[in-house]
Undergrad: 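Let me begin by handing over the structure; questions about it come next.
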Amino acid sequence: MPDNIIEIEHVSKRFGRVVALDDVNLTVKQGEVLVIIGPSGSGKSTLLRCINHLEAVDSGHIVVDGIPLTQAENIDKVRAEVGMVFQLFNLFPHLTALENVTLAQRVVRKRSQEEAERIAHELLAKVGIPEKANAYPAQLSGGQQQRVAIARALAMQPKIMMFDEPTSALDPEMIKEVLDVMLDLAEEGMTMVVVSHEMGFVKAAAHRIAFMCDGHILEEATPEGLLTECKEERTKQFLSEILI
Amino acid sequence: MTSDRIIRETKTLLPAQEAEARPLLQRFDRWWLLFAGVLLMVFLLVTRRPDPYRRIVVFLEDGIRVTLGITVVSFLFILLAGLVGGLGRISKNPLINGIASIYVEVVRGVPLLVQLLFIYYASPIVIRGVGKKLVDVWPAVAELLINIKLNPFVAAVGGLTICYGAYMSEIVRAGIESIPKGQMEAARSLGMSYFQAMRYIILPQAVRVILPPVGNEFVALLKDSSLVSVVAVADMTRRGREFMASTFLALETWMMVALLYLVMTLFFARVVAYIERKMSFAR
């Protein structure tokens, strides 16, 4: 099945006695925008982190872009195809915004300094902060830092972008500038897996929504039918809480 | 907007820039006073009372060179040992981690003086013993081992490296562990390998964190290098003992030796503080 870019089959993961993922099955199609919602501790972040192997699964299979993660000879190759944006940005504080975006291009993609910088300048313009290229992360606002982080991930020209609560550490007035960048990406047809409770983004960009609870994917729905399609009591309760 | 920017830029002023901005007079702090005082005392003693102080300094001169040489050479090896040991201590591989942990725990539990004595006097016996066992298996290497003669300088550098390498490993480990986990995750998620992430992301940040303790180690090493005088290295301390043995001027000799150590340690402590200031960055 070439159009399924991520396939997750019977994946389980536990941390000590805590079951983080319990027999999760999920597929993501090429060009699809999937939003995962659910209460905290339900395993959303763990699922994302398993997809690029920041966490190893205990059992089950994950296939990304046709490469099974468990058998991948070079996990770094898979990771370079999957961009990841973190809740706390995780920019490299000792490097400027430009260097944050160029470093992995040079050492992983083996691009020349000039080419990497050209791509970095393009991407910083794309996320709306071309003038901040020489600023250090500490000199940027949260929203600007997160946009640099998105540019850094995009510089690897990934086939999939994953966002782990990209706006939940931001002040309200900065959320929009990050969501706008994400909406642009979705419109360009990027395959995206997003953990977020930003209902504005969900309505505007999501193709599909998965609701996670206690390590399971409880149900899936389309954004239009979010309130009508959901049958589980737990989902309805959660939605009523976040949709005030 | 403008005032906002000014505030932010003021906050991120690097300490180095702050220092440049301070008036010249304030930069002559108590350290300068002490350093100048010690230098003046050495100078006065040597010029006003050339007998015996000038004689002592002349006699100690090559000892000073040996002390500095041993300290600098050892320190380079110690940095290397600390990096390898520190990476070993955080390794998830149980074998590597186990070896690094045993090394650190054993070495930290044995006094430096005992380690130096062991290396100089006892380890050649061990090496010769190994050589004798290898005679049939590998004659060429066996002969080399049996005829080994430990150069005092090599023994001193080896002993200091093994001992201080263990402490340095712990400093490096603590420095690496002080960098948030998200940094490694971000680097790995971009496709960098573990060692690429270490080299480009973790270590450059860790170096800034560990610079103060590493600098302290250098100054401590300079002082502890006096212990190598027991393994036939003619460092400053040993030269002092030789001078005292021939002249019986205990007070004059050891006062001058102490003053010269103080000049060196004060000087290097200041150099370390200077490098620290230059390398700090706005977080």
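Since this is a predicted model, take the numbers as computed values, not measurements. Values reported hereafter were calculated over all heavy atoms of this structure, with side chains retained and with hydrogens, waters and symmetry mates removed. Reminder, nothing fancy here: chain letters follow the sequence lines and each chain counts from 1.
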Undergrad: Chain B: which of A/Arg49, A/His53, A/Glu81 shares the most heavy-atom pairs with it under 4.5 Å?
TA: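 Greatest number of close heavy-atom pairs with chain B: A/Arg49.
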
Undergrad: Heavy-atom distances under 4.5 Å only: say whether B/Gln196 touches chain A with side chain, backbone, both or neither.
TA: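 Contact with chain A involves the side chain of B/Gln196 alone.
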
Undergrad: What's the separation between atom CE in A/Met84 and atom CZ in B/Arg188, rounded to the nearest 0.5 Å?
TA: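 A/Met84 atom CE to B/Arg188 atom CZ measures 14.0 Å (nearest 0.5 Å).
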
Undergrad: Which one of A/Leu91, A/Leu95, A/Val82, A/Asn52 has the most heavy-atom pairs closer than 4.5 Å to chain B?
TA: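 Heavy-atom pair counts peak at A/Leu91.
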
Undergrad: So how far is it from A/Leu103 CG to B/Leu190 CG, rounded to the nearest 0.5 Å?
TA: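 Those atoms lie 8.0 Å apart.
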
Undergrad: Return yes when atom CZ of A/Phe15 has more than 12 non-hydrogen atoms of other residues, nucleotides or ligands closer than 6.0 Å, and no otherwise.
TA: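 Yes, because the 6.0 Å sphere around CZ of A/Phe15 holds more than 12 heavy atoms from other groups.
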
Undergrad: If you count the non-hydrogen atoms of other residues, nucleotides and ligands that lie under 6.0 Å from CZ in B/Phe77, is the total more than 12?
TA: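 Counting other residues, nucleotides and ligands, CZ of B/Phe77 stays at 12 neighbours or fewer.
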
Undergrad: Counting neighbours of CH2 on B/Trp138 that are heavy atoms of other residues, nucleotides or ligands and sit closer than 6.0 Å, is the number greater than 12?
TA: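 No - once you tally the heavy atoms of other residues, nucleotides and ligands closer than 6.0 Å, there are 12 at most.
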
Undergrad: Please report the shortest heavy-atom distance between A/His94 and B/Pro204, naming the atom on each side.
TA: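 Reported closest heavy-atom pair: CD2-CB, 3.6 Å.
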
Undergrad: Which atom pair, heavy atoms only, marks the closest approach of A/Pro93 to B/Gln205?
TA: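 That would be CG-OE1, 3.2 Å.
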
Undergrad: What residues of residues 145-157 of chain A sit under 4.5 Å from chain B when you count only heavy atoms?
TA: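 Within residues 145-157 of chain A, the residues that come under 4.5 Å of chain B (heavy atoms only) are A/Arg152, A/Ala153, A/Met156.
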
Undergrad: State, to 0.1 Å, how close A/Phe86 and B/Ala186 come at their nearest heavy-atom pair, and which atoms those are.
TA: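 In this case the closest contact between A/Phe86 and B/Ala186 is CE1-CA, 3.6 Å.
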
Undergrad: Is it true that atom OH of B/Tyr261 has more than 12 heavy atoms of other residues, nucleotides or ligands lying nearer than 6.0 Å?
TA: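 Enclosed: over 12 neighbouring heavy atoms sit under 6.0 Å from OH of B/Tyr261.
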
Undergrad: Please flag which part of A/Phe92 lies under 4.5 Å from any non-hydrogen atom of chain B: side chain, backbone, both or neither.
TA: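 It is both, since atoms from each part get that close.
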
Undergrad: So for A/Leu88, is it side chain, backbone, both, or neither that comes closer than 4.5 Å to the heavy atoms of chain B?
TA: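 Neither; nothing under 4.5 Å.
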
Undergrad: Could you give the distance from CG (A/Asn90) to NZ (B/Lys181), rounded to the nearest 0.5 Å?
TA: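 A/Asn90 CG to B/Lys181 NZ: 11.0 Å, rounded to 0.5 Å.
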
Undergrad: If you draw a 6.0 Å radius around CZ in B/Arg108, do more than 12 non-hydrogen atoms from other residues or ligands fall strictly inside?
TA: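 More than 12 within 6.0 Å, yes.
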
